[in-house]
Every structure is written in C-alpha cells, then in structure tokens.
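A short worksheet on the structure shown next.
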Amino acid sequence: MAKIQAIRGMNDLLPGQSSKWQYLENIVSDLLSKHGYQEIRMPIVEQTELFKRSIGEVTDIVEKEMYTFEDRNGDSLTLRPEGTACCVRAAEQHGLLFNQTQRLWYQGPMFRHERPQKGRYRQFHQIGVECFGFEGPDIDAELIALTDQLWKKLGIRDSVELQINSLGLPEERSAFKSALVVYLSDFKDQLDEDSVRRLDTNPLRILDSKSELTQKILEQAPVLTDFFGEDSKKHFAELTAFLDGLGIRYVVNPKLVRGLDYYSNMVFEWVTDALGAQGTVCAGGRYDGLVKQLGGKGSPGVGFAMGVERLVLLLEELKVFPEELDVVADVYIVAAGDGTQIKAFELAGHLRSKGALRVLQNMGQGSFKSQMKKADKSGARYAVILGSNEIDTDTALVKPLKSDEEQKSVAQSDLIKYIVV
RNA sequence: GUGGGCGUAGCUCAGUCGGUAGAGCUCAGGAUUGUGAUUCCUGCGGUCGAGGGUUCGAUCCCCUUCGCCCACCCCA
C-alpha cells in the first residue's frame with residue numbers, strides 16, 4: 001500500500017523550521033505594531049469572481065494557476081492566490097473604508113498551481129500590508145521605509161535591492177499599451193515566442209523579455225512616462241524625493257511591471273540575487289482603483305506582500321538566524337531513584353511559573369547516564385539533578401552544561417535565584 | 001504546461017563492469033556503584049521509489065510510471 005504523502009508543492013513545516021518562521025514573524029509583527037498597523041484575518045477561500053475582477057481575467061494567475069472548485073451548492077470558490085483582493089473585500093464588506101484611513105496587515109497561506117521550484121510553492125505564505133484612504137506618496141514612502149527597517153533588523157539589508165517604477169493611471173497605461181502594441185506589431189516576426197503571445201495577453205510584460213532582439217526592438221518603442229499626466233508625474237517625483245530625503249537607495253527600473261492588473265502609479269520590488277531564479281522577496285504598489293472596481297465607493301490603496309518561504313531561505317543563505325533558535329529549554333530536570341519524580345514535577349512547575357524558565361522534565365526514568373545525555377542534547381544551560389540524597393535534604397544539584405563551572409548543591413528554595421542570574 | 005538532474009537504512013551518502021548490500025550520523029545498551037558533549041565496543045534498522053521486460057539470476061541493463069529537485073514560463 002502506497003503511503004499517503006503531502007500534496008506536491010505543499011510543504012510541512014517541521015520543528016527545526018518553525019522556530020525560524022516564528023523568529024521572522026515576531027520581528028515583523030513587532031515592527032508593524034510599532035507603526036500602528038492592525039492585523040486582519042480573512043478566510044482562505046473566496047468567491048472565484050473576486051479574483052477574476054481584481055487580478056485580471058487574462059493574467060496567468062487567473063487563467064491557469066487558481067485552485068478553483070465548486071461548492072456543494074454550485075458556487076464557484078477559489079483558494080486565494082493572493083491577499084490584497086481578500087483584504088479589500090473584507091475591509092469594504094465591514095465598512096472599514098468609508099471616509100477613513102486604515103493600516104492593516106495579514107499573514108497566511110496562498111495557493112497557486114504552478115510547477116514548484118526553489119522559492120516557489122503551490123501553498124506558500126505571505127505577510128501582506130495594506131493601507132487605505134491615503135492619496136499622497138508619503139504613505140508609499142512609509143511602507144518602503146518600513147520594509148527598509150525590517151531588512152536592517154533582520155540583518156539582510158546589504159543583500160536586497162529596492163527597485164521602483166510608476167505605471168501611471170489605468171487610462172494612461174492603456175493608452176501606452178495600445179501604442180506599444182501598434183509599434184510592436186510591425187516587428188511581430190522578429191519577436192520571441194513569449195512576447196508574441198504577450199502581445200495579446202499582457203503587452204507590458206514584453207518590456208521584461210529576456211530576448212536580446214526583443215530588447216533591441218524595444219529601444220525605439222514608445223515610453224510609458226510620455227503618457228503620464230501631471231498628477232502621475234508629480235506623485236512619482238514626490239515619492240523619490242521622500243526616498244532621497246530618507247537616504248533609502250533605490251533603482252528606477254522602467255521595465256518593472258507587476259503581474260496583477262490592479263496596480264496604478266507606484267510599484268516596487270525588493271530583489272536579491274542570492275536565491276536563484278526566484279529573487280523577489282517583497283513586492284507591492286498602489287492600487288487606487290481597486291476598491292471601486294470591487295464595488296465600493298472608492299478609496300485609494302497601497303500595499304505590499306512578502307514571501308515568507310523566500311525570506312526564510314534568504315536568512316538561511318546569509319546565515320543570520322540566531323544560533324540558539326533550536327534550544328527548547330533552559331533547564332533539564334534529571335530525577336533518579338524511587339520517589340523523585342513527584343518532586344521533579346513540583347520543581348518543574350515552580351521553575352516555570354516563578355522563574356519564567358523553560359523547563360524540560362525527564363520522562364521514562366532511564367539510567368543516570370542516559371538522562372544526562374538527554375539533558376545535554378536538549379541544549380539546556382543547566383541540568384537540575386534530583387536523587388534520593390537531594391530529596392532527603394531539600395536540595396538539588398545544579399550542573400552547568402554549557403560551561404566548565406563546577407556543579408553545585410543548592411537549596412530547592414534558592415534554585416531560581418541561582419539559575420536566573 | 002516544457003526541459004534537465006536525481007530516487008539505496010530515520011538522515012547524509014558509498015557500492016555491485018548483473019550473483020539480493022555497506023559507512024557515518026541518529027537511536028538503545030555497555031566500558032563497575034548517581035553525572036553529559038570526547039573516545040572505544042555492541043545492538044536496532046533496508047520489499048536498493050513502484051510495475052513490467054531481458055537473464056539461470058537485476059539494486060545494477062531496457063521500458064513504463066510515480067515522487068523529489070533545478071530551470072523556462074510566471075510570480076511572493
């Protein structure tokens with residue numbers, strides 16, 4: 001009988017890994033709360049229509065990557081491929097966007113049916129941040145500055161690069177799109193295969209093409225910024241002024257095009273070359289039209305999402321995780337001899353509640369030697385040893401496991417004082 | 001969806017020019033009485049991914065299939 005395995009591209013997170021995730025998540029949530037952002041939690045499943053209307057009908061995500069299925073009543077449901085649309089839906093549904101501002105964040109699994117590879121999975125996890133009701137570029141700057149801070153706290157700032165671009169307003173962009181298609185259609189027989197396909201599906205992505213010939217043809221192509229109105233130009237100029245003023249280095253990448261339809265004006269990406277093909281570790285942008293598009297009264301929005309798997313991969317690659325992450329206990333209690341276990345339970349409880357220590361208590365008895373081995377392997381700094389001698393005298397032996405200090409007999413009542421220093 | 005690489009003990013891998021397999025780590029026990037991480041000894045542990053074919057005989061050769069990994073595409 002074949003063993004049942006996890007679904008391809010959907011990974012279990014084992015103990016050695018979960019501690020790393022928690023480390024990252026704690027730093028992120030702490031930073032966000034210091035900026036006054038509030039957590040929001042949405043369902044994992046939404047009506048399929050939500051994603052069709054937000055991400056765009058002809059994007060790869062909607063066309064071939066969604067986990068879509070029929071509910072028992074015939075409704076078409078989809079496992080969320082991204083969080084922004086869900087967040088907008090939830091905020092709008094509960095009136096959070098009516099004449100007010102919001103700074104929100106969320107965290108959780110997303111699903112896309114792609115071929116798995118390094119840094120790309122079918123169930124992956126994002127930490128997303130979305131702001132509503134702010135029109136100006138100052139909030140864009142706040143978001144970018146926040147991520148900049150995060151990289152510094154994690155110790156990876158030197159390994160990521162900020163790229164920014166402006167896509168203009170939807171109408172400006174679609175005017176450019178038409179002009180681009182007209183221009184490129186004359187070279188149709190010279191373009192690479194993917195670009196020809198994109199001519200129909202997603203012309204902006206052609207700017208991204210890896211084909212040299214295509215890039216050469218693009219040199220004479222219309223330029224997006226020429227289609228911008230005053231407001232778009234101003235917004236982007238003010239944003240770069242903020243970044244300059246804050247001393248945040250960036251590269252303006254005119255080829256930077258995000259894959260989702262709803263972006264307008266500013267888009268940005270944090271990229272690294274340390275992860276192979278999947279170098280984008282955090283990305284986002286402004287989506288002023290999305291709320292209205294999904295049926296709301298309308299509210300400007302900006303946000304970004306980080307890929308948790310990719311970040312953890314990067315932190316591992318750069319070896320910036322603290323070493324002691326896998327140490328699960330401060331103290332290991334060794335109890336040898338008849339009648340010592342009850343005392344061990346009591347002492348363990350005492351050390352946990354009054355000493356705020358992480359305490360592992362030996363289970364299953366075993367020889368003194370094997371208990372000491374387990375104490376060592378736990379990574380605990382101290383072994384607290386209880387034998388019949390100690391029980392008789394209300395003491396315990398405290399043996400340091402991480403240093404050469406002598407072990408010491410300590411009164412049970414003085415244990416915390418002795419260990420917590 | 002398209003390429004390429006790989007599947008041998010729980011983990012990391014070696015190996016057999018075809019005669020049903022080995023090391024290190026892990027785990028358990030021991031090197032005298034209640035002391036770990038070093039060292040030494042012993043032990044536990046494998047339908048050699050699955051199915052079929054060739055052969056006296058296949059883990060090794062051939063075919064199929066499944067799984068994993070990397071890349072394209074796309075994206076966090």
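Here is the naming used below: chain letters follow the sequence lines, and residue numbers restart at 1 for every chain.
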With rounding to the closest Å, how many angstrom separate the [atom1] atoms on [N] and [M]?
N	M	atom1	answer
B:A14	B:A23	C1'	7 Å
B:C68	B:U8	C1'	15 Å
B:C44	B:G10	C1'	12 Å
B:U65	B:C72	C1'	24 Å
B:U16	B:C74	C1'	44 Å
B:C25	B:U42	P	13 Å
B:G5	B:U64	P	14 Å
B:C62	B:G22	P	25 Å

Main-chain N/O of A:Val181 paired with A:Ser185 side-chain donor or acceptor, under 3.5 Å: yes

Take atom [atom1] of [X] and atom [atom2] of [N], then tell me their distance rounded to the nearest Å.
X	N	atom1	atom2	result
A:Ile206	B:C73	CD1	P	14 Å
A:Gln371	B:A37	CD	P	14 Å
A:Leu24	B:A76	CG	P	18 Å
A:Arg381	B:A37	CZ	P	21 Å
A:Gln107	B:A76	CD	P	17 Å
A:Glu309	B:A76	CD	P	13 Å
A:Lys118	B:C72	NZ	P	12 Å
A:Asp376	B:U38	CG	C1'	11 Å

Phosphate OP1/OP2 of B:C70: any A:Gln117 side-chain N/O under 4.0 Å: no

Short side-chain N/O contact from A:Arg205 to OP1 or OP2 of B:C75, under 4.0 Å: yes

Salt bridge (Lys or Arg N to Asp or Glu O under 4.0 Å) against [X], all qualifying residues, sequence neighbours excluded:
X	value
A:Lys64	A:Asp60
A:Arg122	none
A:Glu114	A:Arg120
A:Arg41	A:Glu39

Base-pair map of RNA chain B as dot-bracket, where | denotes pairing with a different strand and pairs are Watson-Crick or G-U under 3.5 Å: (((((((..((((........)))).(((((.......))))).....(((((.......))))))))))))....

Protein-nucleic acid N or O pairs under 3.5 Å, nucleotides 2-12 of chain B:
{"from": "B:U2", "atom 1": "O4", "to": "A:Arg115", "atom 2": "NH1", "distance (Å)": "2.7"}

Ion pair A:Lys417/A:Asp414, N-O distance below 4.0 Å: yes

Charged N-O contact under 4.0 Å between A:Glu346 and A:Lys343: yes

A:Arg112/A:Glu82 under salt bridge (charged side-chain N to carboxylate O under 4.0 Å, His left out): CA gap, chis, key distance, verdict: CA-CA 9 Å; A:Arg112 291 183 202 169; A:Glu82 63 112 26; 5.7 Å; no

Sugar-phosphate only, base, or nothing, as touched by A:Tyr121 at under 4.0 Å among non-hydrogen atoms: base

Pairs flagged by salt bridge (charged side-chain N to carboxylate O under 4.0 Å, His left out) wherever residues 278-291 of chain A is involved - sequence neighbours left out: A:Asp140-A:Arg286, A:Arg286-A:Asp288

Set of ring pair (Phe, Tyr, Trp, His ring centres under 6.0 Å) partners for A:Phe69, sequence neighbours left out: none

By ring pair (Phe, Tyr, Trp, His ring centres under 6.0 Å) - contacts of A:His235 (at least two apart): none

Would you say [atom1] of [X] has more than 12 non-hydrogen atoms from neighbouring residues, nucleotides or ligands within 6.0 angstrom?
X	atom1	value
A:Glu135	CD	no
A:Gln47	CD	no
A:Asn26	CG	yes

A:Glu114 vs A:Gln5, nearer the 5' end of RNA chain B by closest nucleotide: A:Gln5

5'-most by nearest nucleotide on RNA chain B - A:Asp404 or A:Arg8: A:Asp404

Partners passing side-chain hydrogen bond (donor to acceptor under 3.5 Å, both in side chains) against A:Gln17 (at least two apart in sequence or in another chain): A:Glu316

Identify the pairs formed between an N or O of the protein and an N or O of nucleotides 28-34 of chain B at a distance under 3.5 Å, and give each distance.
{"from": "B:G34", "atom 1": "O6", "to": "A:Asn389", "atom 2": "N", "distance (Å)": "3.1"}
{"from": "B:G34", "atom 1": "O6", "to": "A:Asn389", "atom 2": "OD1", "distance (Å)": "3.1"}
{"from": "B:G34", "atom 1": "O6", "to": "A:Asn389", "atom 2": "ND2", "distance (Å)": "2.4"}
{"from": "B:G34", "atom 1": "N1", "to": "A:Glu390", "atom 2": "OE1", "distance (Å)": "3.0"}
{"from": "B:G34", "atom 1": "N1", "to": "A:Glu390", "atom 2": "OE2", "distance (Å)": "3.4"}
{"from": "B:G34", "atom 1": "N2", "to": "A:Glu390", "atom 2": "OE2", "distance (Å)": "3.4"}

Nucleic acid contacts of residues 276-287 of chain A, taken as heavy-atom distances under 4.0 Å to RNA chain B: A:Gly276, A:Ala277, A:Gln278, A:Thr280, A:Val281, A:Cys282, A:Ala283

Plane angle bin for A:Phe176 and A:Phe227 - parallel if under 30°, tilted between 30 and 60°, otherwise perpendicular: perpendicular

Check: A:Gln407 side chain, B:U35 base, donor-acceptor under 3.5 Å: yes

